[in-house]
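Read through the structure below, which is laid out as C-alpha coordinates, and then see the notes.
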Number of protein chains: 2
Amino acid sequence: MKFTMAEENYIKAVYHLQHGQEVVSTNALSAELQTKPASVTDMLKKLKAKKIISYEPYRGVKLSAEGRKVALGIVRKHRLWEYFLVDKLQFGWDEVHEVAEELEHISSNKLIDKLDEFLGHPKFDPHGDPIPDSKGKIIAQPQEQLSGALLHTPVQITAVGSQSTELLELLKHKGLQMGTRLEVKKVFDFDGSLELRIKNQQVVTVSRELASVLFVKSL
Amino acid sequence: MKFTMAEENYIKAVYHLQHGQEVVSTNALSAELQTKPASVTDMLKKLKAKKIISYEPYRGVKLSAEGRKVALGIVRKHRLWEYFLVDKLQFGWDEVHEVAEELEHISSNKLIDKLDEFLGHPKFDPHGDPIPDSKGKIIAQPQEQLSGALLHTPVQITAVGSQSTELLELLKHKGLQMGTRLEVKKVFDFDGSLELRIKNQQVVTVSRELASVLFVKSL
DNA sequence: ATAAAAATTTAGGTTTGTCTAAAAATAAAT
DNA sequence: ATTTATTTTTAGACAAACCTAAATTTTTAT
Ligand SMILES: [Mn+2]
Ligand SMILES: [Mn+2]
Ligand SMILES: [Mn+2]
Ligand SMILES: [Mn+2]
(Lines give C-alpha, C1' and ligand atoms only; values in the text may rest on other atoms or scores of the structure.)
(Ligands and ions follow the chains in the order given, each with its own letter.)
Protein backbone atom coordinates (compact mmCIF):
# COMPACT_ATOMS: atom_id res chain seq x y z
CA MET A 1 0.00 0.00 0.00
CA LYS A 2 1.08 3.57 -0.65
CA PHE A 3 0.99 6.42 1.84
CA THR A 4 1.12 10.18 1.61
CA MET A 5 3.83 12.13 3.35
CA ALA A 6 1.36 13.28 6.01
CA GLU A 7 0.20 9.73 6.66
CA GLU A 8 3.78 8.52 7.00
CA ASN A 9 4.58 11.25 9.51
CA TYR A 10 1.60 10.24 11.64
CA ILE A 11 2.48 6.55 11.46
CA LYS A 12 6.04 7.23 12.54
CA ALA A 13 4.86 9.50 15.36
CA VAL A 14 2.54 6.79 16.72
CA TYR A 15 5.45 4.35 16.58
CA HIS A 16 7.76 6.64 18.54
CA LEU A 17 5.19 7.63 21.15
CA GLN A 18 4.10 4.05 21.68
CA HIS A 19 7.42 3.16 23.35
CA GLY A 20 6.56 2.48 26.94
CA GLN A 21 2.99 3.72 26.67
CA GLU A 22 0.26 1.19 25.93
CA VAL A 23 -1.82 3.55 23.79
CA VAL A 24 -1.05 6.96 22.32
CA SER A 25 -3.26 9.98 22.94
CA THR A 26 -4.56 12.50 20.45
CA ASN A 27 -2.89 15.33 22.33
CA ALA A 28 0.48 13.60 22.38
CA LEU A 29 0.30 13.23 18.61
CA SER A 30 -0.75 16.81 18.12
CA ALA A 31 2.22 18.00 20.18
CA GLU A 32 4.67 15.72 18.36
CA LEU A 33 3.42 16.70 14.91
CA GLN A 34 2.78 20.37 15.64
CA THR A 35 -0.81 20.22 14.49
CA LYS A 36 -4.12 20.75 16.27
CA PRO A 37 -5.90 17.86 18.03
CA ALA A 38 -8.82 18.20 15.61
CA SER A 39 -6.51 17.50 12.68
CA VAL A 40 -5.17 14.44 14.45
CA THR A 41 -8.66 13.04 14.88
CA ASP A 42 -9.30 13.43 11.15
CA MET A 43 -6.14 11.54 10.28
CA LEU A 44 -6.75 8.79 12.83
CA LYS A 45 -10.05 8.00 11.14
CA LYS A 46 -8.29 7.72 7.83
CA LEU A 47 -5.54 5.48 9.19
CA LYS A 48 -8.09 3.28 10.92
CA ALA A 49 -9.96 2.85 7.64
CA LYS A 50 -6.66 1.73 6.09
CA LYS A 51 -6.17 -0.75 8.99
CA ILE A 52 -2.86 0.83 9.96
CA ILE A 53 -3.96 1.56 13.52
CA SER A 54 -6.59 0.39 15.97
CA TYR A 55 -8.56 3.31 17.27
CA GLU A 56 -11.79 3.87 19.19
CA PRO A 57 -12.94 7.44 19.87
CA TYR A 58 -11.63 8.79 23.20
CA ARG A 59 -9.74 5.50 23.81
CA GLY A 60 -6.38 6.27 22.21
CA VAL A 61 -4.56 4.60 19.35
CA LYS A 62 -2.14 1.71 18.68
CA LEU A 63 -0.33 0.54 15.56
CA SER A 64 -1.60 -2.65 13.93
CA ALA A 65 0.92 -5.31 12.91
CA GLU A 66 0.83 -3.87 9.41
CA GLY A 67 1.22 -0.35 10.79
CA ARG A 68 4.29 -1.37 12.75
CA LYS A 69 5.84 -2.78 9.60
CA VAL A 70 5.21 0.48 7.75
CA ALA A 71 6.61 2.52 10.65
CA LEU A 72 9.79 0.46 10.75
CA GLY A 73 10.25 1.01 7.04
CA ILE A 74 10.11 4.77 7.53
CA VAL A 75 12.42 4.67 10.55
CA ARG A 76 14.85 2.58 8.51
CA LYS A 77 14.91 5.18 5.76
CA HIS A 78 15.27 8.04 8.21
CA ARG A 79 18.22 6.52 10.01
CA LEU A 80 20.04 5.29 6.92
CA TRP A 81 19.82 8.76 5.39
CA GLU A 82 21.12 10.29 8.64
CA TYR A 83 24.04 7.89 8.53
CA PHE A 84 24.71 8.81 4.91
CA LEU A 85 24.66 12.52 5.68
CA VAL A 86 27.15 12.21 8.55
CA ASP A 87 29.39 9.49 7.18
CA LYS A 88 29.56 10.44 3.49
CA LEU A 89 28.61 14.10 3.29
CA GLN A 90 30.33 15.23 6.50
CA PHE A 91 27.27 16.75 8.11
CA GLY A 92 27.37 17.31 11.86
CA TRP A 93 25.18 14.91 13.82
CA ASP A 94 23.12 17.88 15.00
CA GLU A 95 22.29 18.98 11.43
CA VAL A 96 20.85 15.85 9.91
CA HIS A 97 17.47 15.36 11.50
CA GLU A 98 15.45 17.86 9.47
CA VAL A 99 16.91 16.80 6.15
CA ALA A 100 16.23 13.14 6.97
CA GLU A 101 12.68 14.17 7.85
CA GLU A 102 12.24 14.87 4.12
CA LEU A 103 14.42 12.11 2.69
CA GLU A 104 12.55 9.40 4.62
CA HIS A 105 9.57 9.92 2.29
CA ILE A 106 11.34 9.00 -0.96
CA SER A 107 9.42 5.93 -2.02
CA SER A 108 11.86 3.68 -3.90
CA ASN A 109 12.68 0.48 -1.99
CA LYS A 110 15.45 -0.30 -4.40
CA LEU A 111 17.04 3.03 -3.50
CA ILE A 112 17.04 2.35 0.19
CA ASP A 113 18.42 -1.17 -0.17
CA LYS A 114 21.22 0.04 -2.44
CA LEU A 115 21.95 2.87 -0.03
CA ASP A 116 22.12 0.39 2.84
CA GLU A 117 24.63 -1.68 0.89
CA PHE A 118 26.66 1.39 -0.11
CA LEU A 119 26.91 2.37 3.56
CA GLY A 120 27.99 -1.13 4.59
CA HIS A 121 24.79 -2.11 6.42
CA PRO A 122 25.27 0.16 9.43
CA LYS A 123 23.57 -0.99 12.64
CA PHE A 124 23.18 2.38 14.37
CA ASP A 125 22.44 5.90 13.23
CA PRO A 126 24.53 8.94 14.29
CA HIS A 127 22.41 9.38 17.43
CA GLY A 128 22.99 5.79 18.49
CA ASP A 129 19.55 4.56 17.49
CA PRO A 130 19.36 1.10 15.88
CA ILE A 131 18.59 0.87 12.16
CA PRO A 132 15.94 -1.73 11.21
CA ASP A 133 17.08 -4.17 8.51
CA SER A 134 15.23 -4.68 5.21
CA LYS A 135 12.90 -7.21 6.83
CA GLY A 136 11.95 -4.79 9.60
CA LYS A 137 14.05 -6.42 12.28
CA ILE A 138 15.40 -3.96 14.82
CA ILE A 139 17.90 -4.41 17.64
CA ALA A 140 16.16 -3.83 20.96
CA GLN A 141 18.28 -1.49 23.03
CA PRO A 142 18.57 -1.89 26.80
CA GLN A 143 18.55 1.89 27.15
CA GLU A 144 20.18 2.37 30.52
CA GLN A 145 19.87 6.00 31.59
CA LEU A 146 23.02 7.85 32.62
CA SER A 147 21.10 9.26 35.57
CA GLY A 148 20.87 5.72 36.95
CA ALA A 149 24.49 4.67 36.34
CA LEU A 150 26.74 3.43 39.14
CA LEU A 151 29.46 5.68 40.53
CA HIS A 152 33.06 5.22 39.34
CA THR A 153 32.03 2.70 36.68
CA PRO A 154 33.22 3.28 33.12
CA VAL A 155 30.35 3.64 30.65
CA GLN A 156 29.96 4.67 27.04
CA ILE A 157 27.27 6.89 25.53
CA THR A 158 25.15 4.80 23.17
CA ALA A 159 22.17 7.01 22.39
CA VAL A 160 20.44 10.31 23.03
CA GLY A 161 16.76 10.52 23.81
CA SER A 162 15.94 13.53 21.65
CA GLN A 163 17.02 15.07 18.39
CA SER A 164 16.36 18.66 19.37
CA THR A 165 18.87 21.23 18.23
CA GLU A 166 18.98 22.54 21.77
CA LEU A 167 20.07 19.20 23.20
CA LEU A 168 22.63 18.56 20.51
CA GLU A 169 24.08 22.03 20.92
CA LEU A 170 24.52 21.43 24.65
CA LEU A 171 26.19 18.07 24.10
CA LYS A 172 28.59 19.56 21.62
CA HIS A 173 29.48 22.27 24.11
CA LYS A 174 30.17 19.77 26.90
CA GLY A 175 32.28 17.61 24.60
CA LEU A 176 29.89 14.67 24.72
CA GLN A 177 28.93 12.54 21.74
CA MET A 178 28.09 9.03 20.62
CA GLY A 179 30.71 6.62 21.92
CA THR A 180 32.18 9.00 24.50
CA ARG A 181 33.58 7.05 27.48
CA LEU A 182 33.12 8.49 30.95
CA GLU A 183 32.29 7.70 34.53
CA VAL A 184 30.06 9.33 37.10
CA LYS A 185 32.13 10.85 39.90
CA LYS A 186 29.38 12.26 42.08
CA VAL A 187 25.63 12.79 42.24
CA PHE A 188 24.24 15.84 44.03
CA ASP A 189 21.00 15.11 45.79
CA PHE A 190 19.97 18.75 45.93
CA ASP A 191 19.26 19.17 42.21
CA GLY A 192 20.08 15.73 40.78
CA SER A 193 23.05 17.09 38.87
CA LEU A 194 26.01 14.81 38.11
CA GLU A 195 29.73 15.33 37.92
CA LEU A 196 31.31 13.27 35.14
CA ARG A 197 34.89 12.55 34.22
CA ILE A 198 35.27 12.15 30.50
CA LYS A 199 37.85 9.45 29.69
CA ASN A 200 41.30 10.89 30.38
CA GLN A 201 39.93 14.36 30.20
CA GLN A 202 38.22 17.08 32.11
CA VAL A 203 35.40 16.89 34.60
CA VAL A 204 32.01 18.27 33.49
CA THR A 205 28.78 18.87 35.29
CA VAL A 206 25.47 17.87 33.75
CA SER A 207 21.95 18.59 34.95
CA ARG A 208 19.37 15.99 35.93
CA GLU A 209 17.43 16.84 32.77
CA LEU A 210 20.42 16.15 30.58
CA ALA A 211 21.40 12.96 32.41
CA SER A 212 17.93 11.54 31.87
CA VAL A 213 18.11 11.75 28.07
CA LEU A 214 21.59 10.25 27.78
CA PHE A 215 21.76 6.48 27.45
CA VAL A 216 24.87 4.47 28.24
CA LYS A 217 26.20 0.93 28.44
CA SER A 218 28.77 -0.37 30.91
CA LEU A 219 32.18 -1.25 29.54
CA MET B 1 10.94 31.98 -2.01
CA LYS B 2 9.63 28.49 -1.31
CA PHE B 3 7.74 26.32 -3.75
CA THR B 4 5.53 23.28 -3.46
CA MET B 5 6.41 20.07 -5.24
CA ALA B 6 3.67 20.70 -7.80
CA GLU B 7 4.91 24.21 -8.49
CA GLU B 8 8.47 22.95 -8.93
CA ASN B 9 7.34 20.33 -11.41
CA TYR B 10 5.54 22.97 -13.48
CA ILE B 11 8.52 25.34 -13.38
CA LYS B 12 10.86 22.59 -14.54
CA ALA B 13 8.45 21.55 -17.30
CA VAL B 14 8.24 25.11 -18.64
CA TYR B 15 12.04 25.24 -18.62
CA HIS B 16 12.39 22.01 -20.60
CA LEU B 17 9.66 22.83 -23.12
CA GLN B 18 11.02 26.31 -23.70
CA HIS B 19 14.13 24.96 -25.44
CA GLY B 20 13.77 26.01 -29.06
CA GLN B 21 10.19 27.23 -28.69
CA GLU B 22 9.66 30.91 -27.88
CA VAL B 23 6.63 30.33 -25.69
CA VAL B 24 5.17 27.18 -24.17
CA SER B 25 1.53 26.19 -24.70
CA THR B 26 -0.97 25.03 -22.14
CA ASN B 27 -1.47 21.76 -23.99
CA ALA B 28 2.25 21.03 -24.15
CA LEU B 29 2.45 21.44 -20.40
CA SER B 30 -0.58 19.27 -19.80
CA ALA B 31 0.99 16.50 -21.92
CA GLU B 32 4.36 16.79 -20.20
CA LEU B 33 2.87 16.76 -16.71
CA GLN B 34 0.09 14.29 -17.36
CA THR B 35 -2.61 16.62 -16.14
CA LYS B 36 -5.59 18.28 -17.83
CA PRO B 37 -5.25 21.65 -19.56
CA ALA B 38 -7.69 23.19 -17.07
CA SER B 39 -5.35 22.29 -14.21
CA VAL B 40 -2.45 23.87 -16.06
CA THR B 41 -4.34 27.13 -16.47
CA ASP B 42 -4.98 27.24 -12.72
CA MET B 43 -1.31 26.74 -11.94
CA LEU B 44 -0.15 29.28 -14.51
CA LYS B 45 -2.22 31.94 -12.76
CA LYS B 46 -0.57 31.07 -9.49
CA LEU B 47 2.95 31.12 -10.95
CA LYS B 48 2.24 34.42 -12.66
CA ALA B 49 1.14 35.92 -9.34
CA LYS B 50 4.47 34.75 -7.90
CA LYS B 51 6.30 36.39 -10.84
CA ILE B 52 7.90 33.12 -11.86
CA ILE B 53 6.48 33.23 -15.38
CA SER B 54 5.08 35.77 -17.78
CA TYR B 55 1.69 34.70 -19.01
CA GLU B 56 -1.23 36.25 -20.87
CA PRO B 57 -4.38 34.18 -21.47
CA TYR B 58 -4.29 32.32 -24.80
CA ARG B 59 -0.78 33.71 -25.49
CA GLY B 60 1.43 31.03 -23.94
CA VAL B 61 3.97 31.21 -21.16
CA LYS B 62 7.66 32.00 -20.58
CA LEU B 63 9.88 31.81 -17.52
CA SER B 64 10.91 35.09 -15.92
CA ALA B 65 14.56 35.64 -15.01
CA GLU B 66 13.69 34.55 -11.47
CA GLY B 67 11.79 31.53 -12.81
CA ARG B 68 14.78 30.44 -14.86
CA LYS B 69 16.95 30.59 -11.77
CA VAL B 70 14.51 28.42 -9.85
CA ALA B 71 14.27 25.95 -12.75
CA LEU B 72 18.04 25.62 -12.98
CA GLY B 73 18.17 24.87 -9.26
CA ILE B 74 15.72 22.01 -9.67
CA VAL B 75 17.52 20.69 -12.76
CA ARG B 76 20.79 20.82 -10.83
CA LYS B 77 19.32 18.71 -8.04
CA HIS B 78 17.75 16.27 -10.46
CA ARG B 79 20.97 15.65 -12.36
CA LEU B 80 23.25 15.48 -9.34
CA TRP B 81 20.99 12.87 -7.77
CA GLU B 82 20.98 10.90 -11.03
CA TYR B 83 24.76 10.98 -11.05
CA PHE B 84 24.84 9.81 -7.44
CA LEU B 85 22.48 6.92 -8.15
CA VAL B 86 24.52 5.67 -11.10
CA ASP B 87 28.02 6.42 -9.84
CA LYS B 88 27.70 5.53 -6.15
CA LEU B 89 24.70 3.22 -5.88
CA GLN B 90 25.25 1.32 -9.13
CA PHE B 91 21.86 2.01 -10.63
CA GLY B 92 21.48 1.52 -14.38
CA TRP B 93 21.15 4.79 -16.27
CA ASP B 94 17.67 3.72 -17.35
CA GLU B 95 16.46 3.34 -13.74
CA VAL B 96 17.31 6.69 -12.22
CA HIS B 97 14.90 9.16 -13.73
CA GLU B 98 11.82 8.42 -11.61
CA VAL B 99 13.73 8.34 -8.34
CA ALA B 100 15.42 11.64 -9.18
CA GLU B 101 11.97 13.03 -9.95
CA GLU B 102 11.30 12.72 -6.20
CA LEU B 103 14.77 13.53 -4.86
CA GLU B 104 14.90 16.83 -6.77
CA HIS B 105 12.31 18.24 -4.35
CA ILE B 106 14.37 17.84 -1.16
CA SER B 107 14.79 21.43 -0.10
CA SER B 108 18.16 21.69 1.70
CA ASN B 109 20.70 23.70 -0.27
CA LYS B 110 23.44 22.60 2.04
CA LEU B 111 22.61 19.02 1.14
CA ILE B 112 22.91 19.59 -2.57
CA ASP B 113 26.18 21.48 -2.29
CA LYS B 114 27.72 18.79 -0.08
CA LEU B 115 26.46 16.14 -2.48
CA ASP B 116 28.04 18.02 -5.39
CA GLU B 117 31.34 18.09 -3.54
CA PHE B 118 31.09 14.40 -2.57
CA LEU B 119 30.57 13.51 -6.23
CA GLY B 120 33.54 15.63 -7.32
CA HIS B 121 31.55 18.37 -9.06
CA PRO B 122 30.45 16.32 -12.08
CA LYS B 123 29.72 18.30 -15.26
CA PHE B 124 27.27 15.90 -16.93
CA ASP B 125 24.55 13.57 -15.71
CA PRO B 126 24.30 9.89 -16.81
CA HIS B 127 22.26 10.87 -19.86
CA GLY B 128 24.89 13.36 -21.00
CA ASP B 129 22.96 16.44 -19.91
CA PRO B 130 25.00 19.27 -18.36
CA ILE B 131 24.66 19.89 -14.61
CA PRO B 132 24.20 23.56 -13.62
CA ASP B 133 26.68 24.76 -10.99
CA SER B 134 25.65 26.27 -7.66
CA LYS B 135 25.33 29.71 -9.25
CA GLY B 136 23.00 28.40 -11.96
CA LYS B 137 25.59 28.43 -14.72
CA ILE B 138 25.03 25.65 -17.25
CA ILE B 139 27.18 24.49 -20.16
CA ALA B 140 25.36 25.11 -23.44
CA GLN B 141 25.51 21.99 -25.53
CA PRO B 142 25.87 22.11 -29.34
CA GLN B 143 23.51 19.13 -29.67
CA GLU B 144 24.42 17.75 -33.07
CA GLN B 145 21.92 15.08 -34.08
CA LEU B 146 23.26 11.66 -35.11
CA SER B 147 20.80 11.71 -38.01
CA GLY B 148 22.74 14.65 -39.45
CA ALA B 149 26.26 13.26 -38.95
CA LEU B 150 28.73 12.83 -41.80
CA LEU B 151 29.48 9.37 -43.20
CA HIS B 152 32.63 7.56 -42.05
CA THR B 153 33.41 10.21 -39.45
CA PRO B 154 34.11 9.04 -35.89
CA VAL B 155 31.69 10.52 -33.37
CA GLN B 156 30.82 9.96 -29.73
CA ILE B 157 27.38 9.85 -28.14
CA THR B 158 27.04 12.83 -25.78
CA ALA B 159 23.36 12.90 -24.90
CA VAL B 160 19.96 11.35 -25.46
CA GLY B 161 16.91 13.43 -26.18
CA SER B 162 14.48 11.57 -23.93
CA GLN B 163 14.47 9.69 -20.66
CA SER B 164 11.71 7.26 -21.57
CA THR B 165 12.18 3.70 -20.41
CA GLU B 166 11.37 2.57 -23.95
CA LEU B 167 14.23 4.55 -25.45
CA LEU B 168 16.72 3.49 -22.81
CA GLU B 169 15.72 -0.15 -23.19
CA LEU B 170 16.34 0.04 -26.93
CA LEU B 171 19.73 1.68 -26.46
CA LYS B 172 20.80 -0.96 -23.99
CA HIS B 173 19.76 -3.67 -26.46
CA LYS B 174 21.76 -2.12 -29.29
CA GLY B 175 24.81 -1.69 -27.08
CA LEU B 176 24.72 2.10 -27.23
CA GLN B 177 25.35 4.38 -24.25
CA MET B 178 26.84 7.68 -23.19
CA GLY B 179 30.34 7.98 -24.58
CA THR B 180 30.00 5.19 -27.14
CA ARG B 181 32.23 5.85 -30.19
CA LEU B 182 30.91 4.98 -33.61
CA GLU B 183 30.64 6.09 -37.21
CA VAL B 184 27.79 6.16 -39.69
CA LYS B 185 28.45 3.65 -42.50
CA LYS B 186 25.35 4.21 -44.61
CA VAL B 187 22.06 6.10 -44.70
CA PHE B 188 19.06 4.52 -46.40
CA ASP B 189 16.89 7.04 -48.14
CA PHE B 190 13.85 4.79 -48.20
CA ASP B 191 13.13 4.94 -44.45
CA GLY B 192 15.91 7.16 -43.11
CA SER B 193 17.48 4.29 -41.19
CA LEU B 194 21.23 4.27 -40.52
CA GLU B 195 23.86 1.59 -40.38
CA LEU B 196 26.43 2.29 -37.67
CA ARG B 197 29.73 0.66 -36.82
CA ILE B 198 30.37 0.77 -33.12
CA LYS B 199 34.09 1.33 -32.39
CA ASN B 200 35.93 -1.93 -33.12
CA GLN B 201 32.72 -3.83 -32.85
CA GLN B 202 29.63 -4.96 -34.67
CA VAL B 203 27.46 -3.08 -37.10
CA VAL B 204 23.99 -2.11 -35.92
CA THR B 205 21.01 -0.60 -37.67
CA VAL B 206 19.05 2.22 -36.10
CA SER B 207 15.79 3.80 -37.25
CA ARG B 208 15.33 7.42 -38.24
CA GLU B 209 13.34 7.96 -35.03
CA LEU B 210 16.18 6.69 -32.90
CA ALA B 211 18.87 8.61 -34.80
CA SER B 212 16.99 11.86 -34.22
CA VAL B 213 17.10 11.60 -30.43
CA LEU B 214 20.78 10.67 -30.22
CA PHE B 215 23.23 13.56 -29.96
CA VAL B 216 26.90 13.24 -30.86
CA LYS B 217 30.09 15.21 -31.12
CA SER B 218 32.86 14.65 -33.67
CA LEU B 219 36.14 13.29 -32.38
C1' DA C 1 -21.75 12.68 43.82
C1' DT C 2 -21.30 16.91 41.58
C1' DA C 3 -18.84 20.34 39.67
C1' DA C 4 -14.83 21.92 37.29
C1' DA C 5 -11.07 20.95 34.20
C1' DA C 6 -8.95 18.60 30.53
C1' DA C 7 -9.07 15.84 26.47
C1' DT C 8 -11.27 14.68 22.37
C1' DT C 9 -14.49 14.84 18.70
C1' DT C 10 -17.76 17.20 15.54
C1' DA C 11 -19.21 20.90 12.51
C1' DG C 12 -18.15 23.99 9.32
C1' DG C 13 -14.27 26.41 6.64
C1' DT C 14 -9.84 27.21 3.94
C1' DT C 15 -6.02 26.17 0.69
C1' DT C 16 -3.82 23.34 -2.77
C1' DG C 17 -4.09 20.78 -6.66
C1' DT C 18 -6.76 18.15 -9.26
C1' DC C 19 -11.06 17.00 -12.32
C1' DT C 20 -15.34 17.37 -15.89
C1' DA C 21 -18.35 19.98 -18.65
C1' DA C 22 -19.35 24.09 -20.91
C1' DA C 23 -18.07 28.54 -22.83
C1' DA C 24 -14.91 31.48 -25.25
C1' DA C 25 -11.02 32.53 -28.11
C1' DT C 26 -7.87 31.36 -31.72
C1' DA C 27 -6.48 28.82 -35.82
C1' DA C 28 -7.51 26.14 -39.95
C1' DA C 29 -10.35 24.91 -43.76
C1' DT C 30 -13.65 25.70 -47.19
C1' DA D 1 -15.65 35.43 -45.20
C1' DT D 2 -17.88 31.93 -42.98
C1' DT D 3 -17.78 27.68 -41.02
C1' DT D 4 -15.36 24.10 -38.54
C1' DA D 5 -11.88 22.42 -35.60
C1' DT D 6 -8.60 23.10 -32.03
C1' DT D 7 -6.90 25.27 -28.04
C1' DT D 8 -7.61 27.48 -23.88
C1' DT D 9 -10.17 29.35 -20.14
C1' DT D 10 -14.08 29.50 -16.84
C1' DA D 11 -17.39 27.46 -13.69
C1' DG D 12 -18.34 24.31 -10.41
C1' DA D 13 -16.78 20.05 -7.71
C1' DC D 14 -13.85 17.06 -5.04
C1' DA D 15 -10.17 14.92 -1.96
C1' DA D 16 -6.33 15.84 1.21
C1' DA D 17 -4.78 18.09 5.09
C1' DC D 18 -5.14 21.57 7.77
C1' DC D 19 -7.78 25.22 10.83
C1' DT D 20 -11.27 27.53 14.63
C1' DA D 21 -15.14 27.27 17.51
C1' DA D 22 -18.47 24.61 19.72
C1' DA D 23 -20.15 20.29 21.60
C1' DT D 24 -19.21 16.06 23.91
C1' DT D 25 -16.84 12.74 26.71
C1' DT D 26 -13.60 11.54 30.18
C1' DT D 27 -10.90 12.65 34.14
C1' DT D 28 -9.92 15.07 38.31
C1' DA D 29 -11.07 17.73 42.26
C1' DT D 30 -14.17 19.15 45.71
MN1 LIG E 1 9.00 13.24 7.73
MN1 LIG F 1 18.53 9.74 14.45
MN1 LIG G 1 9.66 16.01 -9.74
MN1 LIG H 1 19.08 12.96 -16.76
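Chain letters run A, B, ... following the sequence lines, proteins first and then strands; every chain starts at 1. Note that these values count all heavy atoms, side chains included, but never hydrogens, waters or copies made by symmetry.
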Note to self: Can you measure B:Met43 atom CE to D:dT9 atom P for me and round it to whole angstrom units?
What the structure shows: 14 Å
Notebook entry, point to check: What's the NZ-P distance between B:Lys45 and D:dT8, to the nearest Å?
Noted result: 15 Å
Check: Between C:dT18 and B:Tyr10, is there an OP1 or OP2 to side-chain N/O distance shorter than 4.0 Å?
Finding: yes
Next item on the list: Mark yes when over 12 heavy atoms from residues, nucleotides or ligands other than B:Gln145 sit less than 6.0 Å from its CD; otherwise mark no.
Entry: yes
Next item on the list: Compare side-chain N and O positions of A:Thr4 against OP1 and OP2 of D:dA17 and report whether any pair is under 4.0 Å apart.
Entry: yes
Margin query: What is the separation between atom CD1 on B:Ile11 and atom P on C:dG17, rounded to the nearest whole Å?
Written below: 11 Å
Next item on the list: Find the distance B:Leu44:CG to C:dT16:P and express it as a whole number of Å.
Entry: 16 Å
Check: Would you say A:Lys62 has more than 12 foreign heavy atoms packed within less than 6.0 Å of its NZ?
Finding: no
Next item on the list: Could you check how far CG of A:Asp42 sits from P of D:dA17, rounded to whole Å?
Entry: 10 Å
Checklist line | A:Leu176 side chain near A:Val206 side chain, heavy-atom distance below 4.5 Å | finding: yes
Next item on the list: Check every strand shown and say whether B:Thr35 touches a base, only sugar-phosphate, or nothing at a heavy-atom separation below 4.0 Å.
Entry: sugar-phosphate
Notebook entry, point to check: Can you check whether B:Tyr58 has a side-chain N or O nearer than 4.0 Å to OP1 or OP2 of D:dT10?
Noted result: no
Next item on the list: Counting heavy atoms from C-beta on, name the nucleotide in C:dT8, C:dT26, D:dT8 closest to the side chain of B:Ser25.
Entry: D:dT8
Notebook entry, point to check: Within the pair B:Thr26 and D:dT9, is there a side-chain N or O less than 4.0 Å away from OP1 or OP2?
Noted result: yes
Checklist line | Interatomic distance where CD belongs to A:Glu8 and C1' belongs to D:dA17 [whole Å] | finding: 15 Å
Check: Any donor and acceptor pair, going by atom type alone, linking the side chain of A:Lys114 with main-chain N or O of B:Gln90 inside 3.5 Å?
Finding: yes
Next item on the list: Round to the nearest Å and state the distance from A:Leu29 atom CG to D:dA17 atom C1'.
Entry: 15 Å
Next item on the list: Ignoring backbone atoms, test whether B:Asn27 places a side-chain nitrogen or oxygen under 4.0 Å from the OP1 or OP2 oxygen of D:dT8.
Entry: yes
Notebook entry, point to check: A:Val70 versus A:Glu66: any side-chain heavy-atom pair under 4.5 Å?
Noted result: yes
Next item on the list: On DNA chain D, check which nucleotide each of A:Pro57 and A:Ala38 is closest to and give me the residue with the more 5' one.
Entry: A:Ala38
Margin query: Using whole Å, what does the distance between atom C1' of nucleotide D:dA16 and atom NE2 of A:His105 come to?
Written below: 16 Å
Note to self: Starting the side chain at C-beta, find the nucleotide from C:dC19, D:dT26, D:dA17 nearest to B:Lys36.
What the structure shows: C:dC19
Margin query: Using a 4.0 Å heavy-atom cut-off, does B:Ser39 contact any base of the nucleic acid, only the sugar-phosphate backbone, or nothing at all?
Written below: base
Check: Is there a side-chain polar atom (N or O) of B:Lys46 under 4.0 Å from OP1 or OP2 of C:dG17?
Finding: yes
